[in-house]
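To start, the structure under review is shown below, and the notes come after it.
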2 protein chains.
Amino acid sequence: MVENSLSKIQQHLASLDEKAREAIENATHIKKYQKNEYLLQAGEICKSGFQIVSGVARKFYLNDGKEITTELFFTDDIAVSLESYTLQQPSKEFIQAIEPCTVSVTNYQAFQELKQKHKGLLELDLLMTEYYALWLEARLFQFHTMDATQRYMLLLKQQPHFVQQIPLTYLASYLGISLETLSRIRARI
Amino acid sequence: MVENSLSKIQQHLASLDEKAREAIENATHIKKYQKNEYLLQAGEICKSGFQIVSGVARKFYLNDGKEITTELFFTDDIAVSLESYTLQQPSKEFIQAIEPCTVSVTNYQAFQELKQKHKGLLELDLLMTEYYALWLEARLFQFHTMDATQRYMLLLKQQPHFVQQIPLTYLASYLGISLETLSRIRARI
DNA sequence: AGTGGAATTTGATATAAGTCAAATAATCTT
DNA sequence: AAGATTATTTGACTTATATCAAATTCCACT
């Protein structure tokens, strides 16, 4: 269960020593984004981690001209393009505010250095990466075993706020379903 | 590119200090498995990491009675059920030798303790988890954007040894294609 | 080498989901 | 509020892939 992993992160966060927490704070600043503005564009190197304070954002890439939404971010979620962030190479993905966002932006380089000083932060990074990998496994499971209707129903059950707050086009893309099919699925329920 | 991440791991491995390497070795033993034998069964807690020395293995779960193969392991690959390993809870997945295997088995608990003593091992764990997450992202991309034929062709190009060494049933399941359809795809090429 | 069982292929059919096109409905703008 | 844009729904049709069933091919074992 991905939730167990999340609670491990929260426990770890609670037990972080004061110095480490302060150090991160110094490498972090708040930034606001308008609707449709990009936190990261393809081609840029992802030099920050973005934690959503308020608003909604999405991550997507272009696949022969079509946008494929891969992740949706709400309050407290952390958004990065993993490949670009970890390897510090140009991103294939965009991160975009789909509602006006307030974001807590932590510098990559500074965080790297802090991880050397504070073992707790290195552990935190590991826990967060494990959490993301478990989330990816769960998502892969859905693509591997569920049809379009089942994927939508599960989303409705597990993340009802997605359905309320996200335009259908993005939802469809996120679920790997065409816009029209998703519309029909909704009509049928 | 997942390869860049792999080379980062290898570099890190090369620069690990002697003590850390020795310590891991002490927490590790070699074990042999016959064809079809399980390295891990669903319901068990994954108390070891399994590195393949020789042979071939697969990871799968049961989804209403059907086996879904999620990963295939060759020489040097590391096999764990991530959820069970990281959270030390009963596994939903099986890991099974599909050819006779020699495996380097590292105890979870010992590795956890060593990560506390040797920062290099903690870093290594992070790098390996990042690598796995990037691999999962790439796989998700394939399910998200490619049809059955494209997925098979990509596998053929990137992992030709899979196609030689893995029974079609497992390959089909791994690719999320029915056995019959995969057979037809192959006939068509 | 011959036989039993598994793996793979081939055939016929059903169905989920995509695509293209048009019609509504919702929303934003001035 | 009216028009303009954008988002969503509905319709008609096509296509990829699953399913069920049978035939064949491939191997392992005595």
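- Distances shown here put every side-chain N or O of B:S183 at or beyond 4.0 Å from the OP1 or OP2 atom of C:dT8.
- Across the protein-nucleic acid pair, B:I185 atom CD1 and D:dT17 atom C1' stand 9 Å apart, rounded to whole Å.
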key: salt bridge (Lys or Arg N to Asp or Glu O under 4.0 Å) assessment of A:R58 paired with A:E67   = CA-CA 11 Å; A:R58 68 174 181 135; A:E67 297 181 354; 2.7 Å; yes
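- Under 4.0 angstrom from either OP1 or OP2 of C:dT9 there lies at least one side-chain N or O belonging to B:R186.
- When the C1' atom of C:dA16 is taken as reference, atom CZ of A:F143 falls 16 Å away, rounded to whole Å.
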task = Let me see the working for A:F50 and A:F73 under ring pair (Phe, Tyr, Trp, His ring centres under 6.0 Å), right down to the final yes or no.
result = CA-CA 10 Å; A:F50 304 97; A:F73 304 100; 9.3 Å; no
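- Put simply, CG on B:L179 is 13 Å from C1' on D:dT17, counting in whole angstrom units.
- Closest to the side chain of B:E180, out of C:dT10, C:dT19, C:dT8, is C:dT10.
- Distance B:N36 CG to C:dA7 C1': 14 Å, rounded to the nearest Å.
- A donor-acceptor contact under 3.5 angstrom links the side chains of A:Q112 and A:K115, judged on distance only.
- For A:S178 and C:dA17, the shortest distance from a side-chain N or O to OP1 or OP2 is not below 4.0 Å.
- If you take CG of B:L171 and P of C:dT8, they are 9 Å apart, rounded to a whole angstrom.
- A:T106 and A:T28 are linked by a side-chain donor-acceptor pair at a separation below 3.5 angstrom, with hydrogens and angles left out of the test.
- Atom C1' of nucleotide C:dA6 and atom NZ of B:K35 are separated by 11 Å, given to the nearest angstrom.
- B:E137 and A:Y132 are linked by a side-chain donor-acceptor pair at a separation below 3.5 angstrom, with hydrogens and angles left out of the test.
- Here D:dT9 is the nucleotide among C:dT9, D:dA18, D:dT9 with the atom lying nearest to any side-chain atom of A:L168.
- For A:M153 and C:dA16, the CE to P distance is 15 Å, given to the nearest whole Å.
- Comparing D:dA18, C:dT19, C:dG18 against the side chain of A:I177 picks out C:dG18 as the nearest.
- Here C:dT10 presents its P atom at 12 Å from CZ of B:R188, a figure rounded to the nearest Å.
- Nucleic acid contact class of A:R184 (heavy atoms, under 4.0 Å, all strands): base.
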